[in-house]
*Asks:* 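Take this structure, written in structure tokens, and hold onto it; I'll ask about it next.
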Amino acid sequence: MITLINEAPKNIAAFKATGAVSKENYQTVVIPAIERLIARTDQINFLLYLDTDIANFTAGAWFEDAMLGLKNLGKWHRAAIVTDSTTIISFTNAFSYIMPGEFKGFAKEKYDDAILWVSQ
């Protein structure tokens, strides 16, 4: 499941993933929040706090994630993934080389740093 992190600064769409993550989570939580953010700021500052294993994302969730990225290709400003997985952190850091915007992985104990970085 994906939920909004309401305490995040207003120029960030921040989410927490727990348990199983489905296509419907993207359609009802992530996409509407991103669309509201774009309407307000004309860019995407995104934070995802992973409190679940990446294997818990369904194929539909991955598809919606990819479509979200492609549909808004020119809108990405900063995106942070917060996780305990060093593999995901490395992958996220490398993603900046192929996508517009900046992407950065953070360890969970650096959550406050991630929020600050994304909001700048």
*Asks:* Between NZ of Lys23 and CG of Asp65, what distance do you get to the nearest 0.5 Å?
*Replies:*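 Nearest 0.5 Å value for the NZ-CG distance: 14.0 Å.
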*Asks:* In Å and rounded to the nearest 0.5 Å, what is the NZ to CD distance from Lys71 to Glu35?
*Replies:*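 Atom-to-atom, Lys71:NZ and Glu35:CD are 4.5 Å apart.
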*Asks:* According to a 4.5 Å side-chain heavy-atom criterion applied to Ile, Leu, Val, Met, Phe, Trp and Tyr, with indirect links allowed, do Leu37 and Val118 form part of one hydrophobic cluster?
*Replies:*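 Looking at the clustering, Val118 is in a separate group from Leu37.
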*Asks:* With heavy-atom distances below 4.5 Å as the criterion, would you say the side chains of Met99 and Leu73 are in contact?
*Replies:*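 SC-SC contact between Met99 and Leu73 confirmed.
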*Asks:* Can you tell which of Leu50, Leu48, Leu47 makes a side chain to side chain contact (heavy atoms under 4.5 Å, CB included) with Val82?
*Replies:*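 Answer after filtering Leu50, Leu48, Leu47: Leu47.
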*Asks:* Ile34 and Ile115: same hydrophobic cluster, using ILVMFWY side-chain contacts below 4.5 Å?
*Replies:*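 They do not share one cluster, since no chain of ILVMFWY contacts under 4.5 Å joins Ile34 to Ile115.
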*Asks:* Once you round to the nearest 0.5 Å, how far does CD of Gln120 lie from NE2 of His77?
*Replies:*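 So the CD of Gln120 and the NE2 of His77 are separated by 9.5 Å.
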*Asks:* Check Ser22 against Asn25 and note the closest heavy-atom contact, atom names and distance.
*Replies:*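 So the minimum-distance heavy-atom pair works out to N-OD1, 2.8 Å.
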*Asks:* Assess whether atom NZ of Lys108 is packed by more than 12 heavy atoms of other residues, nucleotides or ligands within 6.0 Å.
*Replies:*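 Yes, because the 6.0 Å sphere around NZ of Lys108 holds more than 12 heavy atoms from other groups.
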*Asks:* Between Pro100 and Phe103, which heavy-atom pair has the shortest distance, and what is it?
*Replies:*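 Closest approach of Pro100 to Phe103: O-CE1, 3.3 Å.
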*Asks:* Going from CD on Glu24 to CD1 on Ile2, what distance comes out if it is rounded to the nearest 0.5 angstrom?
*Replies:*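 These two atoms lie 11.5 Å from each other.
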*Asks:* Would you check if Thr83 and Ile89 make a side-chain contact, meaning some heavy-atom pair closer than 4.5 Å?
*Replies:*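 Yes - at least one pair of side-chain heavy atoms lies under 4.5 Å apart.
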*Asks:* Treat each ILVMFWY residue as a node, draw an edge where side-chain heavy atoms are under 4.5 Å apart, and state whether Ile12 and Phe106 are in one component.
*Replies:*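 Same cluster: Ile12 reaches Phe106 through Ile, Leu, Val, Met, Phe, Trp or Tyr contacts under 4.5 Å.
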*Asks:* Does Trp117 belong to the same Ile/Leu/Val/Met/Phe/Trp/Tyr cluster as Phe91, with side-chain heavy atoms less than 4.5 Å apart forming each link?
*Replies:*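 No, separate clusters.
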*Asks:* Compare all side-chain heavy atoms of Ile31 with those of Leu68 and state whether any distance is below 4.5 angstrom.
*Replies:*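 Side chain of Ile31 against side chain of Leu68, heavy atoms only: contact under 4.5 Å found.
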*Asks:* Between the side chains of Gln43 and Thr41, is a donor N or O closer than 3.5 angstrom to an acceptor N or O?
*Replies:*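 Short answer, no.
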*Asks:* Please list, chain by chain and in numerical order, all residues satisfying salt bridge (Lys or Arg N to Asp or Glu O under 4.0 Å) with Asp112, sequence neighbours excluded.
*Replies:*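 If we apply the salt bridge (Lys or Arg N to Asp or Glu O under 4.0 Å) test to Asp112, skipping adjacent residues, there are no hits.
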*Asks:* Determine yes or no for a side-chain-to-main-chain donor-acceptor pair under 3.5 angstrom, with Asn93 supplying the side chain and Ser90 the backbone.
*Replies:*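 Answer holds: no.
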*Asks:* Any non-hydrogen side-chain atom of Ile5 less than 4.5 Å from a side-chain atom of Tyr111?
*Replies:*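 With C-beta onward as the side chain, the pair touches.
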*Asks:* Would you kindly confirm whether Val30 and Trp62 end up in one hydrophobic cluster when ILVMFWY residues are joined by side chain heavy atoms under 4.5 Å apart?
*Replies:*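 Yes; Trp62 is reachable from Val30 via cluster members.
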*Asks:* Are Phe15 and Phe46 close enough that their ring centres sit under 6.0 Å apart?
*Replies:*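 Yes, ring centres under 6.0 Å apart.
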*Asks:* Measuring from Asn45:CG to Glu102:CD, what's the distance to the nearest 0.5 Å?
*Replies:*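 Reported value, rounded in 0.5 Å steps: 10.0 Å.
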*Asks:* Distance check, rounded to the nearest 0.5 Å: Lys10 atom NZ versus Ser119 atom OG?
*Replies:*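 Those atoms lie 13.0 Å apart.
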*Asks:* Heavy-atom count around Met1 CE within 6.0 Å, excluding the residue itself: above 12?
*Replies:*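 No, because the 6.0 Å sphere around CE of Met1 holds 12 heavy atoms or fewer from other groups.
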*Asks:* Report yes if some heavy atom in the side chain of Phe63 is under 4.5 Å from a heavy atom in the side chain of Tyr26; otherwise report no.
*Replies:*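 No, side chains not in contact.
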*Asks:* Passes side-chain contact (heavy atoms from CB on, under 4.5 Å), Leu4 versus Val29? Steps please.
*Replies:* CA-CA 7 Å; Leu4 282 168; Val29 178; 4.2 Å; yes
*Asks:* Ignoring hydrogens and geometry, is there a side-chain-to-backbone donor-acceptor pair from Thr52 to Gly19 under 3.5 Å?
*Replies:*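 Between the backbone of Gly19 and the side chain of Thr52 there is a qualifying donor-acceptor contact (under 3.5 Å).
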